[in-house]
There are 2 protein chains.
Amino acid sequence: MADGPTITTIAERAGVSIASVSRVLNGLPTRQETVRKVMAAADELGYVRNAVARSLKSRRTHQVAFAMADVGNPAYLAMLREIQPVLKAAGYRLVLHSTDAVVADEIDVLHSLGERYVDGLIMSPLRVTEQHLEMLAAARAPVVIIGSVPEGTRADNVRADSRTGVRLAIDHLYALGRRRIGMINGPLDTVPGAARGAAYREALADLGLPYDEDLVRIGDFYRAEGGRAVAELLDRVPDVDALMCANDLIALGALDVLRAAGKRVPADVAVVGMDDTDLAAASWPALTSVSLGSAERGKAAAELLLDRLQGGDREPRVVTVPPRLVVRASTAGTAGAGTVHDDAGRTERKEGGA
Amino acid sequence: MADGPTITTIAERAGVSIASVSRVLNGLPTRQETVRKVMAAADELGYVRNAVARSLKSRRTHQVAFAMADVGNPAYLAMLREIQPVLKAAGYRLVLHSTDAVVADEIDVLHSLGERYVDGLIMSPLRVTEQHLEMLAAARAPVVIIGSVPEGTRADNVRADSRTGVRLAIDHLYALGRRRIGMINGPLDTVPGAARGAAYREALADLGLPYDEDLVRIGDFYRAEGGRAVAELLDRVPDVDALMCANDLIALGALDVLRAAGKRVPADVAVVGMDDTDLAAASWPALTSVSLGSAERGKAAAELLLDRLQGGDREPRVVTVPPRLVVRASTAGTAGAGTVHDDAGRTERKEGGA
DNA sequence: CCCATTGCTGTAAACGTTTACCGCGTGGGC
DNA sequence: GCCCACGCGGTAAACGTTTACAGCAATGGG
């Protein structure tokens with residue numbers, strides 16, 4: 001376990017200065033003979049560049065952090081799956097933070113950017129507080145936010161359009177003849193929760209359907225709690241004929257409860273999930289789900305960050321990824337592979353920066 | 001974007017030397033007055049310690065890498081979910097590598113330990129080659145391997161016991177009266193593939209069942225390919241009455257194909273998966289699956305690594321996590337929550353180190 | 001009253017790189 | 001034959017910390 005070789009060791013063995021060693025290792029113009037000697041010495045010693053010393057001098061770590069709310073949530077995993085290869089291809093390592101959607105933890109991550117152990121950050125907060133915005137303004141490294149952030153925030157921003165997504169789903173249910181469409185939502189003080197709740201209300205209004213409080217239940221974004229909310233709803237409105245769930249986990253909970261209650265899906269109750277995770281395809285009946293483009297958002301975020309890391313300054317950008325409705329058996333009634341009701345192409349526009 | 005403050009900036013503002021600043025920040029004994037001045041200056045400047053410089057001097061990065069074969073595989077995710085909080089609690093950051101089970105990538109990761117950007121590594125290779133062992137012997141930081149590694153390897157090792165796992169499943173199927181039990185395996189040159197294949201053969205022998213080549217099909221560890229393998233098997237042995245699948249993804253593929261072929265599960269064919277991932281509980285019928293304790297293995301690996309990082313030298317340890325059979329509808333025929341056929345407690349023993 | 005001890009603090013070196021700058025030797029132009 | 005330019009390579013500083021060591025003031029004991 002003797003200390004590994006450094007450029008000094010190599011310099012001694014090759015009989016040159018450490019500057020020459022560094023130059024050779026970095027491919028700077030050097031006499032052929034010197035290159036040969038240095039390479040030989042490096043090989044013999046099994047030299048590997050010390051990344052820490054390198055970072056200290058160059059002020060670049062070649063690391064990027066991804067702060068996800070919840071390692072267990074497949075939607076974030078889909079992002080991670082796309083982010084990882086993009087960063088890797090560009091020579092960056094990925095540092096993973098799990099914040100459990102706790103604001104203090106997210107603030108911590110933003111604060112820790114000051115430690116300069118990463119060159120940039122991709123973050124996907126469930127709520128965006130005043131404190132978030134303050135820390136963002138003061139952040140010591142570029143940040144890309146996945147999720148909506150107020151106009152004028154100086155950070156690149158990748159958005160889903162859950163409003164349109166909910167709209168696609170409700171329209172679909174309406175087209176199938178459903179008229180008593182319930183909604184199982186997550187907490188209203190989260191960005192997605194609020195957006196999805198509002199979109200549901202709006203979509204009903206546009207279709208001329210009444211908004212009925214009893215048809216809306218709130219839980220968290222998980223399976224068990226989602227199921228509980230469904231049970232409550234069934235209790236109040238036994239003849240509900242469709243359920244719009246704010247994510248797939250909630251929808252799985254809904255399937256559990258409906259099955260236990262003897263309701264047939266989709267004959268009696270049609271169920272739509274959201275996020276189009278792997279679970280949607282795996283469940284039975286397979287779940288119709290609104291894809292909010294998690295994978296695309298992850299990819300876009302990684303690309304935005306890389307662009308900023310390489311390109312330097314430019315105005316913050318907002319990328320909005322359009323939703324797609326993936327129809328499966330839980331609404332359409334056939335066990336087929338599923339049809340995609342696509343939407344417009346990806347939109348991208350520049351923010352008028354402050 | 002002026003350069004952030006350093007201890008030098010603080011020292012000037014507080015009118016003390018950088019040594020004093022460092023001492024205060026590290027809580028070393030210092031006069032009260034000095035502490036006050038330094039703290040005040042640090043607060044006003046919004047100082048944050050530079051992790052890179054710190055690491056260079058202290059030779060500790062407080063980062064640990066986890067190299068997973070496949071970010072998409074829920075079994076590895078289960079590990080990740082457990083590893084993350086353990087490391088976080090101990091003050092370590094997590095660097096995530098995805099190797100796609102490509103040997104060259106895994107070797108790369110081991111090699112990159114020489115860059116000293118992490119203090120240790122948890123790795124879960126699908127295959128363990130000669131090259132792996134060589135690199136392990138030469139590794140410049142502690143490594144914990146999840147998966148089996150030859151006796152005498154100088155690395156901590158966390159093992160699943162898929163042999164016993166397969167045994168539990170086959171015994172279960174036998175007890176249900178199944179006699180034509182097929183096996184859908186992954187590649188035989190992977191550690192799990194080889195172990196599971198051998199265990200299947202052994203279990204049949206012990207039960208006095210004949211080993212029939214036509215009942216064994218090989219694909220990869222994914223859903224589509226798993227399905228293809230099942231279709232092939234159905235073609236040759238139409239009256240197969242049970243399928244042991246080498247992981248849950250394959251089992252989902254099996255469900256797809258059986259459904260398409262008009263076979264009832266479990267009435268006509270019972271299906272068992274492996275790894276007991278989230279997908280198993282989400283599918284329909286819910287999948288009986290052998291849990292190999294992914295979560296426990298991840299946790300154990302993280303703890304072993306931390307122990308070594310903190311404790312220094314000791315003999316390499318081998319931890320074996322026992323399997324559990326989680327019975328669900330795909331074999332038992334009821335849609336209940338599932339029973340657990342447990343096994344012995346976790347076993348742990350020391351390796352006779354070289 | 002002087003010296004030894006104690007308690008703080010400052011100076012400087014070190015961690016392993018990268019890179020600005022300078023000096024040396026060679027070759028070519030005049 | 002002299003001078004300049006050019007190509008290489010070496011010296012040293014810098015990145016932002018931590019820490020060994022030494023120095024200095026105050027205190028207490030003999």
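Taking the salt bridge (charged side-chain N to carboxylate O under 4.0 Å, His left out) definition, one finds that A:E44 meets it with A:R13, sequence neighbours left out. By the side chain to side chain donor-acceptor pair (under 3.5 Å) test, B:T9 pairs with B:T6, sequence neighbours left out. In this structure, B:D43 has no side chain to side chain donor-acceptor pair (under 3.5 Å) partners at least two apart in sequence or on a different chain. Shown here are the side chain to side chain donor-acceptor pair (under 3.5 Å) partners of B:Q310, two or more places apart in sequence or in another chain: there are none. By the side chain to side chain contact (heavy atoms under 4.5 Å, CB included) test, B:T99 pairs with B:A67, B:A69, B:D105, B:E106, B:V109, sequence neighbours left out.
When all heavy atoms of A:V128 and A:S148 are compared, the pair lying nearest together is CG2-O, 3.8 Å.
The ring-ring contact (aromatic ring centres under 6.0 Å, His included) contacts involving residues 17-64 of chain B comprise B:H62-B:Y92, where partners must be two or more places apart or lie in separate chains. For residues 14-27 of chain A, no pair satisfies salt bridge (Lys or Arg N to Asp or Glu O under 4.0 Å), with sequence neighbours left out.
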*Quick one: what's the B/S/- string for nucleotides 17-28 of chain D, heavy-atom cutoff under 4.0 Å, read 5' to 3'?*
BBB---------
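Ranked by how close their nearest DNA chain C nucleotide is to the 5' end, B:G15 and B:R59 are led by B:G15.
Over its length, the helix from C:dC1-D:dG30 to C:dC30-D:dG1 turns its helix axis by 70°, as judged from the five terminal pairs at each end, rounded to 10°.
Within the nucleic acid shown, A:V52 has no heavy atom closer than 4.0 Å to any nucleic acid atom. Note on A:T30: only backbone sugar-phosphate atoms sit closer than 4.0 angstrom, heavy atoms only; bases stay farther off.
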